[in-house]
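In what follows, every chain begins at residue 1, and chains take the letters A, B, ... in the order their sequences are listed.
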Amino acid sequence: MFVGIALVCEEQPACTIGVLTVEQPSSSVRVRFAPSPTGQVHIGNIRTAIFNWLFARGHGGKFLVRVEDTDRERSTPEAIRVLFEVMEWLGLDFDEDPVYQSACVSRHKQVAEDLIARGLAYKSDKGASGMGEAILFRMPKEDVRFTDLIKGEIAKPGDSLQDFVIVRSDGTPVFHLANVVDDIDMGITHVIRGDDHVENTFRHIRLYQALGAPLPQFGHLPMIVNHQGKPYSKRDGAAFVGEFRDTGYLPDALFNFLSLLGWNPGDDREYMPREELVAAFDLARVQSSPAQMDLKKLSWMNGCYMADLPIALFREEAIRRLQAEGLVDAATDAAYVEAVLELIRSRVKVWPELIELAVYFFREDYPFDAKAVRKRLLKPGVSELLDRLREGYAGLSEWSESALDEALRSALGADQENAGTLIHPVRVAVSGQAGGPGLFEMLQVLGRDRVLTRLERGSRIAAGTLTVGE
RNA sequence: GACCCCGUCGUCUAGCCAGGUCCAGGACACCGGGUUUUCAUCCCGGCAACACGGGUUCGAAUCCCGUCGGGGUCGCCA
C-alpha cells in the first residue's frame, strides 16, 4: 500500500536573499473573534478572544475580528466602540480590517437561495406566525463526527439531527448561516469558540459540506462558570471586561489570569508575561472541563503585576488618580508626591487602594478608623505621652528618621521596652489608620508642620476633648 | 425525555493518551510560625482531592463497563 506523505511546514523562516529580506507567510492560520456587540464584553467572550489571539500569535497566523452586528437593536455604534475599546485595553490587536456581518446580509440570502435551487434547503411556514415562509436547511440524516482540537472525537447520531432555519420568515439570515458563510469568506482555518457551540458544530459541518467549502478545524473552549456550575453571569460578580478595567485591575494581569482559566503551560509557571504566554500556548493543553473564576487569585496576580510595574508607569497612573480624587494638583510639591508614592507603592495591590493609602498625606481631614482610635488613642496616659513627644519633635534640630526614632524613645522615658505604647498612638494620630508604611519614614515624609499639628490633635482626641467621626 | 459534553484539594490545575517513580505535585485562599513598632511584602510550616461501584492487571487517578452528579442542545437568540 502506498501512503502519501504530506510535508507540513508549520513555520517557514524568512528567507534572506542577499540584503533583501523577504517575509514569507509563515503560517496559513487564520482565526477570528466574532462577538456580537451588546454594549458590554463578557469575560467569557474575551477569554475566547484571548485564546484565539494567543493561538494566532503563536503560529504566526492572522487574528481577525468579525462584528456580528445583525441584531440592530443592540448593535449600536456605542456598543461597537466599547468592544474595540476593551480589546485595545487588553492589547488584543487584530490583523485585518474588521468585518461587519450586517454588510454581508445580501450575500447570506443569496447563499440560501442557491441552497434551495440545489435542493439542499426549502421554504416552510411551519410554526411561523403568519409572517411568511422561513428557509430551512435540509439536514442529512447521517452521523456527523469531527475531531475537536480540545475535546477529541465527538460524534452525533444522524437520527437526532433535524432541519433548521437558516433564514427567518422576515427574511433575515440566522446565525448558523451567517456564521458559516462569513467564516468561509474570511478563510478561517480554525474555529475556536465556546463550549456552548459544540451542538452547532454538527449543523455547521453540514453547511460547509453543502457549500462545498473545506472544513476548518474546530476547538471548543470550556465555559467559565459560577459556584453552581452555571455559566458565569453578572449576577455572580464582575462579569464584564469594563468592570475589571474600571475597578483598577491591570490589563496584563487580567490577560494572564484569563489565559490560565482552562489552560496551563504544563509546568508550574503562572505569572507569565505576554511573550511567554504566546510561546507556551498550546490548544492541546486546554482543559475540557469548565472553570470557575477565583477573584482572590486574580487579585493576587494583579499584585504581582503591580509590583513589577515600571516605576515611571506607576507614578504616572498614581498621579492621575490622585488628581482625579482632588488630593493633588499642579501646585502640589512634586518631590513630596514622589516621596509619598515611594512609601506606599508596595502596598497598592489594586489601584483603588491607592487613595486610602495616600489620603492622609494630602489633607488634614483624613478619616479616622474608629477601631484604631479606640484601641490606640483612647487609653489613659496617651494624651500626655503625645504632648511630651510633640515637645521633643518641636525642638528637633534635624528632621530625619533616626532623629525621630531617637526622640520618640526618649519621650518614653523609663518605659523604653514598650515602644509600641507610643508608636501605635502616633501612627493613628498622624494617619488615622492602624497600618501603613514604617512610622519614622512616614513622619519624615509628612514633615514637621503636619506632624506637630496632628500630634496636638491626637492628644486632644486621646484626652477626650475632641471627637472624630468615622 | 432524547442527544452531546464534563467530573483530581474550597478554587485554578500537574499527573491520565504511552498503568508502577503519586500513601497524588504546584498555585490562590485559609490556618500557624518567623521578619516588621503596625499593615502589606517576604520566608518557613500546616490543612486539604483522584465522584461512586464493578472489572482488567502482580499493580489503576491513569484502561473498560455501569451508576450518580453537573452543564449544554433540542426548526425561526447569537
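- Side-chain N/O atoms of A/Asn226 and A/Gln292 include no donor and acceptor closer than 3.5 Å.
- Closest approach to the A/Ser289 side chain among B/C28, B/G7, B/C3 is made by B/G7 (side chain taken as heavy atoms from C-beta onward).
- Map A/Ser36 and A/Ala291 each onto its nearest nucleotide of RNA chain B; the residue landing nearer the 5' end is A/Ala291.
- Distances shown here put a side-chain N or O of A/Arg168 below 4.0 Å from the OP1 or OP2 atom of B/C77.
- Remark: B/C47 base-pairs with no nucleotide in the shown strands. Criterion, Watson-Crick or G-U wobble with two distances under 3.5 Å.
- At B/U13, none of the side-chain N or O atoms of A/Asn264 fall inside 4.0 Å of OP1 or OP2 (strictly under the cut-off).
- Base-pair partner of B/C58: B/G20 (Watson-Crick or G-U wobble, both distances under 3.5 Å).
- The listed nucleotides are B/G7, B/C12, B/C76; the one nearest the side chain of A/Val174 is B/C76.
- Regarding contacts with the backbone of B/A2, every side-chain N or O of A/Gln162 stays at 4.0 angstrom or more from both OP1 and OP2.
- Between A/Phe137 and A/Phe164, the gap from one ring centroid to the other is short of 6.0 Å.
- Between A/Phe361 and A/Tyr366, the gap from one ring centroid to the other reaches at least 6.0 Å.
- Side-chain atoms of A/Glu270 come within donor-acceptor range of the base of B/G26, with a qualifying N/O pair under 3.5 Å.
- Using a cutoff of 4.0 Å between basic side-chain nitrogens and carboxylate oxygens, A/Asp163 and A/Arg138 are not scored as salt-bridged.
- Considering only the side chain of A/Pro290, B/C6 comes nearest among B/C76, B/A78, B/C6.
- Note on A/Ala434: a base of the nucleic acid sits closer than 4.0 angstrom, heavy atoms only.
- Taking atom C1' in both B/C63 and B/G19, the straight-line distance is 8 Å, to the nearest Å.
- Here the side chain of A/Glu199 is nearest to one of B/G25, B/C12, B/C4, namely B/C4.
- A donor and an acceptor atom never sit less than 3.5 Å apart when one is taken from the side chain of A/Lys349 and the other from the base of B/A40.
- Evaluation of atom-type donor-acceptor distances gives no pair under 3.5 Å for the side chain of A/Ser288 against the base of B/C6.
- If you take atom P in B/U21 and the same atom in B/C68, they sit 33 Å apart, rounded to whole Å.
- Nucleotide B/C3 forms a Watson-Crick or G-U wobble pair with B/G72, both donor-acceptor distances falling under 3.5 Å.
- On the C1' atoms, B/A14 is 10 Å away from B/U8, given to the nearest whole Å.
- Within the structure, a side-chain polar atom (N or O) of A/Arg285 is placed less than 4.0 Å from OP1 or OP2 of B/G15.
- Proximity note for A/His424 (side chain, C-beta onward) versus B/G25, B/U37, B/A78: the nearest is B/U37.
- OP1 and OP2 of B/C4 both lie 4.0 Å or more from every side-chain N or O belonging to A/Lys156.
- For A/Arg427, counting side-chain heavy atoms from C-beta on, the closest listed nucleotide (B/C76, B/U38, B/C5) is B/U38.
- With RNA chain B read from its 5' end, the first of the two nearest nucleotides for A/Lys296 and A/His176 is the one closest to A/Lys296.
- Under a cutoff of 6.0 Å and an axis angle of 45°, A/Arg448 and A/Tyr393 do not form a cation-pi pair.
- Side-chain proximity of A/Arg203 to the nucleotides B/C3, B/G26, B/U73 is greatest for B/U73.
- Interface remark: the A/Asn179 side chain does not form any donor-acceptor pair with the B/A78 base, using a distance-only criterion of under 3.5 Å.
- For B/U11, the paired nucleotide is B/A27, the pair qualifying as Watson-Crick or G-U wobble because both relevant distances are below 3.5 Å.
- Checked by atom type and distance alone, the side chain of A/Ser169 never pairs as donor or acceptor with a backbone atom of A/Ala134 at under 3.5 Å.
- Look at the C1' atom in both B/A51 and B/G7: the space between them is 7 Å, to the nearest Å.
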